[in-house]
Every structure is written in structure tokens, then in C-alpha cells.
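Here is the structure we will look at, set down as C-alpha cells.
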Amino acid sequence: MIEFKIIKSSKKSKARLGILKTENGEIKTPSLVPVATQAVVKTLTSEEVLETKTQVLICNTFHLHLRAVSNLHKFMNWPKPLMSDSGGFQVFCLGFGQDHNVGKILKSKGNKTISHGQQPKSLKITDRGVFFKSPIDGRQLFLGPKESIRRQEALGADIIFTFDECTSSLADKEYTEKSLEKTHNWAEQCLQLKKTKQALYGIVQGGKYEDLRQKSAKTIGSMDFDGFGIGGEFGDDKRKLGKTLAIVNNELPYQKPRHLLGIGYPEDIKLIVAQGIDTFDCTVPTHYARRGIAFTPEGRLNLNQMKYSKDKKPIDRDCRCSVCKNYSRNYITHLLRAKEITALRLLTFHNLYYFNTLVEKIREDIENDKL
RNA sequence: UCCGGUGUAGCUCAAUGGUAGAGCAAUUCGCUGUUAACGAAGAGGUUGCAGGUUCGAGUCCUGCCACCGGAG
């Protein structure tokens with residue numbers, strides 16, 4: 001059960017300022033949703049995550065399915081709102097994504113394409129669902145709309161998602177179109193199957209094809225979901241992302257919350273908010289932290305680099321997080337070079353705080369008619 | 001002083017007398033609903049020094065130097 005209130009709609013853009021109420025508290029939107037795939041923000045405790053201004057986390061049904069986890073809030077000691085992703089992204093990243101060694105956003109041109117009828121090497125996609133091979137023990141494991149919803153009900157997140165197929169950026173139009181029919185069909189089934197009061201978001205797909213995006217948004221948008229996820233790839237440049245979101249959001253019911261799945265870098269956030277996105281999850285702050293990258297107003301700092309080993313400044317002079325207050329760049333560089341895991345903890349903490357502060361400023365910008 | 005051993009990339013070590021390699025480190029790059037404290041690439045050499053044997057020497061021979069161990 002959620003309630004979404006739009007407090008203010010921008011006159012300068014399609015941005016909205018809102019409050020998303022759940023049984024576990026409110027989310028001021030727009031909001032970042034940090035990723036806690038395995039019921040943990042990697043390297044941090046839930047108490048530490050609370051200190052990063054994080055309002056809500058997203059866990060993953062596929063990974064937690066493997067571990068037979070349930071009752072997430074209690075399990076991970078997270079008192080605030082939670083989302084759970086359906087496992088649909090794993091259909092891509094453990095399938096064609098792995099086969100072709102590509103992310104969901106295509107960087108290089110001239111690759112092979114995926115056409116209708118093709119199957120990934122290590123999983124099988126059928127009309128009923130997907131056969132996976134467990135990365136833990138190789139055991140075969142099936143996830144379809146029913147299995148995903150049942151698992152997500154057991155996990156008990158406040159907001160859950162329909163089981164979808166996130167298509168590869170290499171998928172051709174026919175493949176994407178057929179996949180979309182399946183995703184729509186699964187969405188309908190998820191809606192029928194859900195028995196709990198959890199909010200269910202339907203996921204819009206369609207890849208880089210604008211007509212398919214519009215069709216998907218119309219279809220999913222007309223179903224009785226509590227909110228909407230927008231998934232898949234959006235082409236390889238930011239203008240395309242903005243345009244796709246414009247097309248999709250134009251079709252979705254205005255009053256319901258919209259979640260953009262798996263975007264973005266700091267430079268993406270203003271753009272997606274200006275297109276009317278209310279929440280968005282992204283691994284970037286936490287993932288890059290574990291690669292030694294700190295985000296700052298000047299851009300990304302690669303603290304692995306020797307040049308920071310004598311730099312006594314904090315990561316970001318203007319950041320008020322406890323890492324920037326107490327530690328210097330050269331300390332973190334030292335920890336990274338010494339392979340001390342605390343480096344990853346400090347960077348994860350800072351990056352989350354930094355991203356959340358960035359989004360907080362964006363909310364203020366909407367409030368003050370600057371965005 | 002004598003005897004023995006070892007000297008090859010920054011480090012640890014490979015290389016039947018036939019184009020000197022690997023791992024780690026260092027450097028640079030990549031990462032957008034996390035199989036990810038990951039992955040990729042380039043760079044790095046007068047093989048301790050000086051001679052000799054040989055078509056050809058990291059490898060065999062001689063001398064020297066350095067380090068390690070043992071004896072005194």
C-alpha cells in the first residue's frame with residue numbers, strides 16, 4: 001500500500017516534487033534508490049546507510065531467491081522503505097549480456113544483433129518464464145511471473161516489480177517486439193497473482209525503438225499498477241534517453257509514481273528528473289566506490305592514482321559527510337593500495353551521501369523554480 | 001682467508017646451447033534495475049661485470065664483483 005502525492009509540478013520542465021508514502025515511512029521524491037542486491041549495500045551496515053541520507057533501498061529477487069531469504073526489513077535491519085527488483089534484469093545480464101560481454105547501454109557500434117528465436121547460452125527464455133542456472137551451485141532454477149511475485153511477497157518489500165525481460169541493446173526490432181509481448185503478458189499475470197498489499201510497479205520496455213516504447217507505455221500504463229518502472233536500454237546518448245523518457249512518461253498516468261530502472265550517473269540525474277522521473281536506482285555510487293572512484297562536483301576522482309598519495313585534502317571540500325570531515329584523499333589512496341577493505345567502505349559512504357545530497361539539491365531546485 | 005650456493009623486469013621466480021617469459025607491483029582505460037574489493041590494455045630487460053668457446057650463450061669455460069650459508 002503506497003500513496004503518492006505530487007506537491008509541485010515544475011513549470012520549467014516535467015519535473016515533479018512529491019512524497020511517496022509507504023508503511024515504512026515516506027520518500028521525498030525525486031529520490032535515488034541505492035542498490036542492495038543481496039539485502040545489503042555492499043560494505044556498509046544498514047545503520048551506516050541511514051547516515052547517508054538514503055531514503056529507500058532496492059533488493060533483488062533473483063539473488064535472494066537463491067538464498068531463500070524472507071521478511072527483508074527485519075532480516076537486514078532496514079526500518080525504511082524497500083523495493084525489490086523482480087529478477088528481470090538477470091534475464092539480460094546473465095543471458096545475452098554475458099554472452100556478448102555488453103552492458104545494457106551499447107557503447108560500440110557494428111556489433112552482431114540478436115534476432116527473434118535466438119537464446120542465450122546459459123539460460124532459456126520461454127513464454128512461461130526463464131530457466132536460469134544458479135551461479136552458486138549450477139542448479140537449474142525457474143523464475144516466471146508467478147515465482148517472482150511469490151518470492152517478492154515473501155521478501156515483503158514495500159514496492160515490488162513485475163517480472164520482465166530486459167532486452168539487450170543488441171536485440172533487433174523483431175526480437176524486441178516479441179519480447180515486449182511477453183513482458184506485457186507477464187505484467188498482466190503479475191497483477192492478477194499478487195495477493196498482498198505491497199505496491200506493484202509494472203515495467204515498460206521497448207528498447208531503443210520509440211514506437212515500441214510508446215506502445216509499451218500505453219499498454220502498461222493502462223493496467224492497474226500502483227506505479228511504473230521504466231527499464232531496458234535507451235540508446236547510447238543522453239538526448240535519446242531524454243526523448244525516450246518523454247515518450248514514455250507522456251503515456252503513463254500523471255498521478256502515479258515513475259521509477260527509472262538502473263540509471264544514472266550524476267550527470268544523468270537532472271535530465272531524468274526533468275523528464276518526470278520520481279525515483280531511480282543505480283549501482284553507480286556503490287559500484288564505482290569499490291573500484292576506488294569518488295564522485296565530486298569536479299567529476300570522478302580515481303583515488304587509486306599515485307597523484308593522490310600526497311593529497312591531504314578531503315575527497316570534496318564542500319561535502320559534509322563524515323568521511324570528508326574526517327579523512328583525506330591520501331589516506332583513502334593508502335588504504336586502496338594496501339588493499340584494505342575500509343577504503344571501499346569510506347568511498348561507498350561518501351558516494352551515497354554525495355548522490356543523495358545532489359538529489360536533495362535537485363528537489364530544492366524544483367521547489368525554487370530552478371528546474 | 002677457504003669451501004659451497006645464488007645473481008634474469010620494481011619484487012618473487014621461469015626459460016633440453018636456438019626469437020628472454022609468468023605472477024605480483026606500477027601505469028592507463030572501462031564499468032548505469034551488481035555473477036563485479038572486477039575486467040581490459042600497453043609499458044617494463046646490455047640476463048651482476050669483463051673476457052673466452054660456439055654459426056648461435058641467460059645457459060658452457062675463466063677472472064672479477066655483490067649477496068647468502070658453512071668452516072676458520
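Just so you know, these numbers come straight off a predicted model, no measurement behind them. Naming: A, B, ... by sequence-line order, numbering from 1 per chain.
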Interatomic distance, A:His287 NE2 vs B:C31 P [rounded to whole Å]
9 Å

Can you check whether A:Asn60 has a side-chain N or O nearer than 4.0 Å to OP1 or OP2 of B:U34?
yes

Spacing of A:Tyr265 atom OH relative to B:G30 atom C1', expressed in whole Å
9 Å

From CZ of A:Arg291 across to P of B:U28 the rounded distance in Å is 17 Å

Verify the contact: side-chain N or O of A:Arg290 to OP1 or OP2 of B:U34, cut-off strictly under 4.0 Å; return yes or no.
no

Taking OP1 and OP2 of B:U28, is either one under 4.0 Å from a side-chain nitrogen or oxygen of A:Gln305?
yes

In whole angstrom, give the distance that lies between atom CG of A:Asn304 and atom P of B:U28.
9 Å

Would you mind reading off the distance between A:Phe89 atom CZ and B:C31 atom P, rounded to a whole angstrom?
14 Å

Can you confirm whether the side chains of A:Ser328 and A:Asn330 place a donor and an acceptor under 3.5 Å from each other?
yes

Salt-bridge test for A:Lys194 and A:Glu153: reply yes if a basic N is under 4.0 Å from a carboxylate O, no otherwise.
no

Should A:Asp237 and A:Lys243 count as an ion pair when the cut-off is N to O under 4.0 Å?
no

Do A:Lys53 and A:Tyr353 form a cation-pi contact, if we require the NZ or CZ to be under 6.0 Å from the six-membered ring centre and within 45 degrees of the ring's axis?
yes

Does A:Arg151 make a cation-pi contact with A:Phe163, if we ask for NZ or CZ under 6.0 Å from the ring centre and within 45° of the axis?
no

If I take atom CG in residue A:Leu261 and atom P in nucleotide B:U34, what distance separates them, rounded to the nearest angstrom?
9 Å

On the ring face of A:Tyr254, is A:Arg16 found with NZ or CZ under 6.0 Å from the centre and within 45° of the axis?
yes

Per the 3.5 Å Watson-Crick/G-U criterion and a run length of at least three, the stems involving RNA chain B are B:1-7 with B:65-71, B:10-13 with B:21-24, B:27-30 with B:38-41, B:48-52 with B:60-64

Within this structure, what is the NZ-to-C1' distance between A:Lys42 and B:A36, rounded to whole angstrom?
8 Å

Taking the C1' atom in each of B:U59 and B:A14, what is the distance between them to the nearest angstrom?
13 Å

Rounded C1' spacing from B:C29 to B:A43 in Å
14 Å

A:Leu20 to A:Tyr201 - nearest heavy-atom pair and separation:
CD2-OH, 3.7 Å

